[in-house]
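Remarks on the structure that follows.
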Amino acid sequence: MASLSLRGIYKKYPGGVVAVSDFSLEIKDKEFIILVGPSGCGKSTTLRMIAGLEEISEGELYIGDRLVNDVAPKDRDIAMVFQNYALYPHMTVFENMAFGLKLRKVPKDEVARKVEEAARILDISHLLSRKPKALSGGQRQRVALGRAIVREPQVFLLDEPLSNLDAKLRAQMRTEISKLHQKLGTTFIYVTHDQTEAMTMGDRIVVMKDGFVQQVDSPQNLYTAPVNQFVAGFMGSPQMNFIDATLRKIDGKYTVEFGSEDTKTTRGVKYYVEVPEAKVDDYALSELVDKEIIMGVRPEDLHDEEMFLSAAKTGVIEADIEIAEMMGAETYLYLNCEGISLTARVDPRSTARPQDRIKIAIDPNKIHIFDKETEKTVIN
C-alpha cells in the first residue's frame with residue numbers, strides 16, 4: 001500500500017497555457033481522495049500526471065518514498081479506471097480482466113484465481129464468458145474496475161468512472177465503489193465534476209478551479225466552512241444563495257442590510273439580518289463596515305414554517321414563489337425577493353404554491369459573509 005506526495009506540481013503546455021498550478025497534497029495510505037471542480041479546472045490532468053500519462057512540467061511526485069517523475073506508467077504500481085471503460089470489444093470479460101496479468105507473464109492458474117476473486121467481489125462471476133457489447137453500462141464499469149483490481153496496485157486512479165451511467169445506477173455504483181475501497185484497503189484517487197459524488201464518497205475532497213487548489217478538507221467542513229465564495233457555491237445542491245448586501249455596525253452590533261430603500265423603516269432599507277454574537281469576528285468584520293459584501297445562506301436555512309417566522313427577530317423577508325418543485329422528501333421553492341433569486345428547501349408538507357407571496361425567515365446562525373472584492377470568506 002502507498003501514500004502519495006505531490007509537491008509544487010505544475011502542468012504547462014506550449015503557448016503558455018498552464019493547466020495545473022502549484023498543486024501540493026499529501027495523500028495518506030488507504031485514503032479516499034476526491035478531486036472535484038468544473039470542466040477544465042485541471043483535475044483530470046492532475047490524475048494523468050499521477051498515472052504517468054502526462055509529463056510533470058515542474059514539481060515532484062512521490063509514491064511511497066519513491067520519486068516517480070521519470071518512472072514509466074507500467075512501473076508506478078497504479079491502476080486507472082477510465083470514463084469510457086476502455087474494454088477490448090473482441091475479448092470476453094475474463095480475457096479483458098486477465099489481459100494485464102498475461103502481459104506480465106503471470107502463471108495461468110494465478111491469473112484465473114485473481115480474475116475469479118475480483119469477479120466475486122464485484123458480483124460479475126456470471127458474466128465472465130460474455131463480450132462487452134452484451135453488457136449494460138454498469139456491468140462494463142464493474143469489468144473495468146475488475147481489470148484494475150486483479151493487478152493489486154498500490155493506488156487506484158478513477159477518472160469520472162460513473163459519468164456515462166444513468167442517475168439510479170450512478171447512485172448504486174457510488175455505494176459499490178465506497179464498499180470496494182473499504183474491502184481492498186487501497187489508496188483511491190477519484191476525479192469527478194459531480195459534487196454529490198464528492199460529498200458522499202471521499203475521506204477528503206480537493207476542490208479545484210482554473211488549475212489551482214481552492215480548498216482541501218472533509219466533506220462536512222467544505223459544506224459548513226468554505227474558504228471562499230467559489231467553494232461555497234460549488235459544494236451543495238441546490239447551491240448556496242448569494243445576496244448582495246452592505247455590512248453595518250449599529251449600537252455595537254453587526255448587521256447585514258439588503259433590499260431596496262424603504263421610507264417606512266428607520267433603517268432606510270427593507271431587510272436586515274443581525275450577525276449573532278457567536279459568529280462575530282470583530283477583527284475581520286470591522287474592516288468591512290459600510291462596505292458592500294456578499295451574504296451566503298444555504299437553501300435549507302430559509303424557513304417558511306410559522307415557528308421560525310414567529311421566533312425570528314431579524315431576517316424575515318417577503319418573496320414571490322416562481323416555481324415549486326416537489327421532490328418527495330422535500331420541496332424546493334424558487335423565489336424572487338426584490339429581484340434577488342433565492343432557493344429554499346422546505347418541508348414537503350408546505351402549502352406554498354407558485355405565484356404565492358410568502359414570508360421567509362433566514363436563520364442568522366447559518367449565514368456566511370464573503371468579501372465582495374476578494375470573494376474570500378469573512379465568517380462562516
Side-chain angles (χ1 to χ4, degrees), residues 2-28 31-64 66-73 76 78 80 82-83 155-160 163 187-195 197-199 201-219 221-223 225-236 239-240 294 370-378 380:
S3 58
L4 279 90
S5 179
L6 293 90
R7 303 176 188 175
I9 299 284
Y10 283 80
K11 180 61 191 178
K12 299 175 181 175
Y13 291 106
V17 177
V18 182
V20 177
S21 296
D22 197 18
F23 189 106
S24 295
L25 182 67
E26 298 295 322
I27 301 172
K28 296 191 283 285
E31 195 170 12
F32 198 137
I33 285 279
I34 307 262
L35 305 183
V36 70
S39 295
C41 71
K43 55 192 187 295
S44 288
T45 304
T46 303
L47 198 75
R48 290 172 67 82
M49 284 192 284
I50 295 170
L53 302 175
E54 289 274 4
E55 201 176 307
I56 294 170
S57 306
E58 270 179 51
E60 295 177 327
L61 170 63
Y62 288 85
I63 297 179
R66 184 168 67 133
L67 179 66
V68 297
N69 284 45
D70 300 317
V71 174
R76 292 192 182 195
I78 51 137
M80 192 154 176
F82 295 94
Q83 179 179 344
V155 183
F156 276 85
L157 307 178
L158 300 101
D159 190 6
E160 306 223 18
S163 59
T187 308
F188 273 46
I189 306 173
Y190 187 107
V191 160
T192 181
H193 64 273
D194 182 336
Q195 55 83 32
E197 271 178 38
M199 291 287 286
M201 294 171 76
D203 297 325
R204 283 191 302 156
I205 301 172
V206 181
V207 183
M208 297 182 71
K209 179 194 177 194
D210 300 334
F212 289 91
V213 173
Q214 302 293 306
Q215 187 171 355
V216 183
D217 220 324
S218 67
N221 285 349
L222 282 174
Y223 194 75
V227 297
N228 59 34
Q229 195 179 334
F230 173 78
V231 175
F234 193 79
M235 304 308 292
Q239 77 157 39
M240 183 183 284
I294 303 287
F370 305 96
D371 185 310
K372 190 162 187 175
E373 284 184 24
T374 65
E375 296 191 356
K376 288 183 178 172
T377 302
V378 182
N380 276 315

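In terms of heavy-atom proximity, Val18 sits nearest to Tyr10 at CG1-CD2, 4.4 Å. Nearest heavy-atom pair, Tyr223 versus Gly236, reported as atom, atom and distance to 0.1 Å: CE1-CA, 3.7 Å. The shortest heavy-atom contact between Ala51 and Ile78 is CA-CD1, 3.3 Å. The minimum heavy-atom distance between Met49 and Arg76, with the atom names listed, is O-NH1, 3.0 Å. The two atoms that bring Ile34 and Gly202 nearest to each other are CG1-CA, 3.5 Å, heavy atoms only. Summarising the geometry of Phe230 relative to Pro38, their closest heavy-atom pair is CZ-CD, 3.6 Å, with the distance given to 0.1 Å.
The line from CD1 of Ile9 to OG of Ser57 is 9.5 Å long, rounded to the nearest 0.5 Å. The distance from atom CD1 of Ile50 to atom CD1 of Ile27, rounded to the nearest 0.5 Å, is 5.5 Å. Atom CG of Leu25 sits about 7.5 Å away from atom CD of Glu31, to the nearest 0.5 Å. To the nearest 0.5 Å, atom CD of residue Gln229 and atom NZ of residue Lys372 are 9.5 Å apart. Taking OG of Ser21 as the reference point, atom CD of Glu58 lies at 9.5 Å (rounded to 0.5 Å). Separating the OG atom in Ser218 from the CD1 atom in Ile205 is a distance of 8.0 Å, to the nearest 0.5 Å.
With contacts defined as side-chain heavy-atom distances shorter than 4.5 Å, the pair Leu47/Met80 qualifies. Side-chain atoms of Thr46 and Leu6, non-hydrogen and from C-beta on, do get closer than 4.5 Å to each other. Looking only at side-chain heavy atoms (C-beta outward), Ile189 and Leu4 come within less than 4.5 Å of each other.
Within the 3.5 Å criterion, the main-chain N or O of Asn228 finds a donor-acceptor partner in the side chain of Thr377. Using modelled atom types, no side-chain atom of Lys43 and backbone atom of Leu35 make a donor-acceptor pair closer than 3.5 Å. With hydrogens and angles disregarded, no donor-acceptor distance shorter than 3.5 Å links the side chain of Gln214 to the backbone of Val231. The backbone N or O of Val213 lies less than 3.5 Å from no partner atom in the side chain of Asp22, so there is not a single donor-acceptor pair. Under a 3.5 Å cut-off, the side chain of Asn380 and the backbone N or O of Pro226 do form a donor-acceptor pair. At least one donor-acceptor pair closer than 3.5 Å links the side chain of Thr187 to the backbone N or O of Ala2. Not one N or O on the side chain of Asp159 forms a donor-acceptor pair closer than 3.5 Å with the backbone of Phe82. Here the side chain of Glu197 pairs no donor or acceptor atom with the backbone of Val36 at under 3.5 angstrom.
Shown here is Glu55, whose CD atom has no more than 12 heavy atoms of other residues, nucleotides or ligands within 6.0 Å.
Scanning for salt bridge (Lys or Arg N to Asp or Glu O under 4.0 Å) contacts around Lys11 gives Glu54, with sequence neighbours left out.
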For a side chain to side chain contact (heavy atoms under 4.5 Å, CB included) check, start with the C-alpha distance between Met208 and Phe23, then their side-chain angles and the critical distance, and finish with the verdict.
CA-CA 10 Å; Met208 297 182 71; Phe23 189 106; 3.8 Å; yes
Using the side chain to side chain contact (heavy atoms under 4.5 Å, CB included) rule, take Arg7 and Glu26 through it: C-alpha gap first, then chi angles, then the decisive distance, then the call.
CA-CA 8 Å; Arg7 303 176 188 175; Glu26 298 295 322; 4.1 Å; yes
